[in-house]
Amino acid sequence: MIKLNKYSWSIPLMIVMCCLIVHLFIILYSLYKTFIGFDIYPSIGLLTYSMLSIGMYVSVFQLIKNKNKFSTPILVLSIVASIFVFSDLFVPGILLSTWRYTSSVAISICFFALMDGIGIRKNLLSSLTYWIVGLTWSALSAVLMLSLSSSLVFGGVAFLLAISSILLIIHAAFNKTSVLR
């Protein structure tokens, strides 16, 4: 478990927290527009990508706290992806044209944080989990970036997601030094 002291927060951690709060407000705004204003089209997209962005910023938070050397460029990349989500509030349609890339960046950051948390350890379970998660990350990113739409591809990605989810649960349950707990 990561222990935090509010007096030792760095500037990147404060930026991550501000971005999390902004996306939380976007979620609340999207819920309001969807259920009170009955404005379904842009609001559901904003809601979906804000939830994905919250997962992305939690992953960036983990990378910063684990002192990963790539945490600063990943933070900048996540802010750029969030700008597309945030700009859709003012110019509807931006997220519609960039959703593949925004999703790919957010999912890649989440997977990178997972792989950083697992790391390559000496036991077979950690190594197998690491490589299956990496393969899943590659397949999912390829589907998003190349806009592949075959049912065989979707079935393969769904199978890889199921296998990596099962391995992550087993890894977290049996590895005493797991960062995933």
Side-chain angles (χ1 to χ4, degrees), residues 23 26-27 30-31 34 39-63 66 68 70-71 73-88 91-175 178-181:
H23 281 289
I26 292 173
I27 286 173
S30 298
L31 287 173
T34 301
D39 190 17
I40 293 177
Y41 161 63
S43 300
I44 294 296
L46 280 172
L47 179 69
T48 303
Y49 287 104
S50 286
M51 284 199 253
L52 189 59
S53 295
I54 284 179
M56 175 177 64
Y57 281 110
V58 168
S59 299
V60 171
F61 186 85
Q62 176 187 348
L63 289 172
N66 288 343
N68 187 299
F70 298 113
S71 62
I74 288 175
L75 176 61
V76 171
L77 188 62
S78 64
I79 290 172
V80 169
S82 289
I83 287 172
F84 285 107
V85 175
F86 188 69
S87 65
D88 198 59
V91 184
I94 288 179
L95 193 58
L96 186 62
S97 62
T98 62
W99 72 270
R100 282 190 177 93
Y101 309 111
T102 307
S103 300
S104 181
V105 166
I107 288 172
S108 293
I109 290 172
C110 292
F111 271 99
F112 183 76
L114 268 176
M115 291 179 66
D116 183 61
I118 296 168
I120 296 181
R121 294 194 174 90
K122 299 201 190 290
N123 62 9
L124 179 65
L125 180 62
S126 293
S127 181
L128 182 66
T129 305
Y130 182 85
W131 289 109
I132 293 294
V133 167
L135 182 64
T136 305
W137 173 17
S138 301
L140 195 55
S141 293
V143 166
L144 284 171
M145 295 299 281
L146 302 174
S147 65
L148 302 175
S149 60
S150 168
S151 62
L152 182 63
V153 171
F154 286 153
V157 170
F159 178 74
L160 282 173
L161 280 170
I163 294 296
S164 54
S165 298
I166 291 169
L167 283 173
L168 283 169
I169 291 169
I170 292 170
H171 183 268
F174 291 117
N175 194 358
S178 176
V179 179
L180 301 173
R181 286 187 179 209

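Given the structure is predicted, the values throughout are model-derived calculations rather than measurements.
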(Q) Between L144 and Y101, does the side-chain contact (heavy atoms from CB on, under 4.5 Å) criterion hold? Intermediate values first, please. (A) CA-CA 7 Å; L144 284 171; Y101 309 111; over 6 Å; no
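- From I26, atom CD1 reaches atom CG of L31 across 12.0 Å, with rounding to the nearest 0.5 Å.
- Taking all atoms of both residues into account, the shortest heavy-atom contact from S126 to I118 is O-CG2, 3.7 Å.
- When all heavy atoms are compared, the tightest approach of S43 to T34 is CB-OG1, 3.1 Å.
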Report, one line per pair, each donor and acceptor closer than 3.5 Å where one atom sits in a side chain of residues 49-58; sequence neighbours left out.
{"unit_1": "Y49", "atom_1": "OH", "unit_2": "S103", "atom_2": "OG", "d": "3.2"}
{"unit_1": "S50", "atom_1": "OG", "unit_2": "L46", "atom_2": "O", "d": "3.0"}
{"unit_1": "S53", "atom_1": "OG", "unit_2": "Y49", "atom_2": "O", "d": "2.8"}
{"unit_1": "Y57", "atom_1": "OH", "unit_2": "S78", "atom_2": "O", "d": "3.1"}
{"unit_1": "Y57", "atom_1": "OH", "unit_2": "S82", "atom_2": "OG", "d": "2.8"}

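- Contact record, C110 with S59: CA-OG, 3.4 Å, taken as the closest heavy-atom pair.
- Atom CD1 of I166 sits about 11.5 Å away from atom CD1 of I132, to the nearest 0.5 Å.
- Here the closest non-hydrogen pair linking D88 and G93 is OD1-N, 3.0 Å.
- What you find for W137 and M115 is that their closest heavy atoms are CE3-SD, 3.2 Å.
- Checked by atom type and distance alone, the side chain of S87 pairs as donor or acceptor with a backbone atom of F84 at under 3.5 Å.
- Residues N66 and D116 are in side-chain contact: their nearest non-hydrogen atoms beyond the backbone lie under 4.5 Å apart.
- Nearest heavy atom pair, residue S164 against residue T136, reads OG-OG1, 3.5 Å.
- Side-chain contact between V133 and L167: absent, with no pair of heavy atoms (C-beta onward) separated by less than 4.5 Å.
- For I40, the CD1 atom sits in a loose shell: 12 or fewer heavy atoms of surrounding residues, nucleotides or ligands are nearer than 6.0 Å.
- Side-chain atoms of S104 never come within 3.5 Å of backbone atoms of R100 as a donor-acceptor pair (strictly under, hydrogens ignored).
- The CG atom of L75 sits 8.5 Å away from the CD1 atom of I109 when rounded to the nearest 0.5 Å.
- Atom CD1 of I44 sits about 9.5 Å away from atom CG of D39, to the nearest 0.5 Å.
- How far CD1 of I163 is from CG of L168: 11.5 Å, rounded to the nearest 0.5 Å.
- The distance from the CD1 atom of I169 to the OG1 atom of T129 is 11.0 Å, given to the nearest 0.5 Å.
- Ring-plane geometry between F112 and F70 is classed as perpendicular, the angle between the planes exceeding 60 degrees on a 0 to 90 degree scale with a lower cut at 30.
- Between the side chains of N68 and S71, no donor N or O sits under 3.5 Å from an acceptor N or O.
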